[in-house]
Number of protein chains: 2
Amino acid sequence: MDRIDVKILSYLQEDCRMPISTLADKVGLSTSACHRRIKLLESGGQISGYVARLDAKALGYSIEIFVEITLHSQSEDTLEQFERAVQKAPEISECHLMAGQADYLLRVVAKNVADYEQIHRNALSRLPGVAHMQSSFSLRTVRPWAGVPVIQS
Amino acid sequence: MDRIDVKILSYLQEDCRMPISTLADKVGLSTSACHRRIKLLESGGQISGYVARLDAKALGYSIEIFVEITLHSQSEDTLEQFERAVQKAPEISECHLMAGQADYLLRVVAKNVADYEQIHRNALSRLPGVAHMQSSFSLRTVRPWAGVPVIQS
DNA sequence: ATTAAATTCGAATAATATCCGAATACGACC
DNA sequence: GGTCGTATTCGGATATTATTCGAATTTAAT
């Protein structure tokens, strides 16, 4: 991981479909050398995949909600059951086990408020072990996910 | 947006470097027809880009923090100044303007607790207009960002 | 300085994306 | 149900890009 790898990661994190020859120019390498480094970053696990970014709004998902969830108990069994259910719920875009007041932080996108109400009733509140839920609505995304802050190490 | 487009988006959201011919097989189209649809989804704004997913852990970022921020005032000027500063801070991976108690929700990744302390002191607390900050640590990512739940419309 | 290993470069080859004309499917209207 | 116009598809031709490989160069250690 030298400064060239950092540049490569940084560019690929913005646009992973640019031709390797273009990327090679940007970082000051030949195409083949750049290609070799990319393959090393892939096999080394620094790059975990390449994905299309979809525009939630363009697909009709106009609202985004962060949901803090508290469970009845923190027993291993309760957590496990809860997490298994989360994995199966396509309505949930992301889930973190948290330190602090709430046990979990979920992230949900919905088409509109009515759609969210439906998700809240039929999916979220039916997750096993839930004692309390608090929804926080995002009014506007100030800065969309900008990726890991790749800096020289 | 028919069911084939939905399939295309769904596959590309998982892996955007698969050959179009492979994707075409999966969705039951010829390569050229599939290619045409992808271009339409790009120009139509449903696909906003293609990015490499980096593994934060593999790059030395072992912790992830959600930070709720309350400002001194909610005047347009205060918000604008704050947001401008957020855009310039590479330590901040994501930022939402929120409804509810806190004004903003930030997302930060850090190499370790000491690194986060430094970010907290030198970057976050120096953002203009901040009255109160509350950090919530993610202990474990139960379900990483799974993308927009693309469903037939 | 000398050596060994790692990395680079450039060119050849293989794979993939893109373009285009012809054929097919689809919808609106009669 | 038939007819027309439009949109979409298919398959092949071409252009671009990815990948491989040997030789040359750089790097790091002694």
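- Of the residues in residues 38-55 of chain A, none has a non-hydrogen atom less than 4.0 angstrom from any atom of DNA chain C.
- The nearest whole Å value for the distance from the CG atom in B:Leu23 to the P atom in C:dT18 is 13 Å.
- Across the protein-nucleic acid pair, A:Ile20 atom CD1 and C:dA17 atom C1' stand 14 Å apart, rounded to whole Å.
- In the region residues 7-16 of chain A, proximity to DNA chain C at under 4.0 angstrom, judged on heavy atoms, holds for none of the residues.
- Atom CZ in A:Arg17 sits roughly 17 Å away from atom P in D:dT16 (whole-Å rounding).
- In terms of the ring pair (Phe, Tyr, Trp, His ring centres under 6.0 Å) criterion, A:His35 has no residue partners (sequence neighbours excluded).
- Residues A:Tyr104 and A:Thr70 have side chains that never bring a donor and an acceptor to within less than 3.5 angstrom of each other.
- A straight line from CZ of A:Arg37 to C1' of C:dA6 spans 11 Å, rounded to a whole angstrom.
- Following rounding to the nearest Å, B:Ile4 (CD1) and D:dA7 (P) show an atom-to-atom distance of 18 Å.
- Every residue two or more places apart in sequence or in another chain that forms a side chain to side chain donor-acceptor pair (under 3.5 Å) with B:Asp5 is listed here: B:Arg37.
- Remark: A:Lys26 engages no residue in a side chain to side chain donor-acceptor pair (under 3.5 Å) (not counting sequence neighbours).
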Anything under 3.5 Å between a protein N or O and an N or O of nucleotides 9-12 of chain C, put it in a table, one pair a line.
| residue | atom | partner | partner atom | Å |
| --- | --- | --- | --- | --- |
| C:dC9 | OP2 | A:Ser30 | N | 2.5 |
| C:dC9 | OP2 | A:Ser30 | OG | 2.7 |
| C:dG10 | N7 | A:Ser32 | OG | 3.4 |
| C:dG10 | O6 | A:Ser32 | OG | 2.8 |

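- With side-chain heavy atoms closer than 4.5 Å counting as contact, directly or through intermediates, the hydrophobic cluster containing A:Val51 also holds B:Val51.
- For A:Tyr50, there are no ring pair (Phe, Tyr, Trp, His ring centres under 6.0 Å) partners two or more places apart in sequence or in a different chain.
- Considering only side-chain N and O atoms, B:Arg36 lies under 4.0 angstrom from the phosphate OP1 or OP2 of D:dT8.
- Qualifying side-chain contact (heavy atoms from CB on, under 4.5 Å) partners for B:Ser93, counting only residues two or more places apart in sequence or in other chains: A:Trp145, A:Pro149, B:Val109.
- In this model, the phosphate group of C:dA17 is not approached by any side-chain N or O of B:His35 to a distance below 4.0 Å at OP1 or OP2.
- Residues satisfying the salt bridge (charged side-chain N to carboxylate O under 4.0 Å, His left out) test with A:Arg17, not counting sequence neighbours, are B:Glu42.
- Side-chain contact check for A:Ser21 and A:Thr31: no donor-acceptor pair (N or O, by modelled atom type) lies under 3.5 Å.
- For B:Glu76, the side chain to side chain donor-acceptor pair (under 3.5 Å) test picks out no residue, with sequence neighbours left out.
- Taking the side chain to side chain donor-acceptor pair (under 3.5 Å) definition, one finds that A:Glu94 meets it with A:His96, A:Arg107, B:Arg107, sequence neighbours left out.
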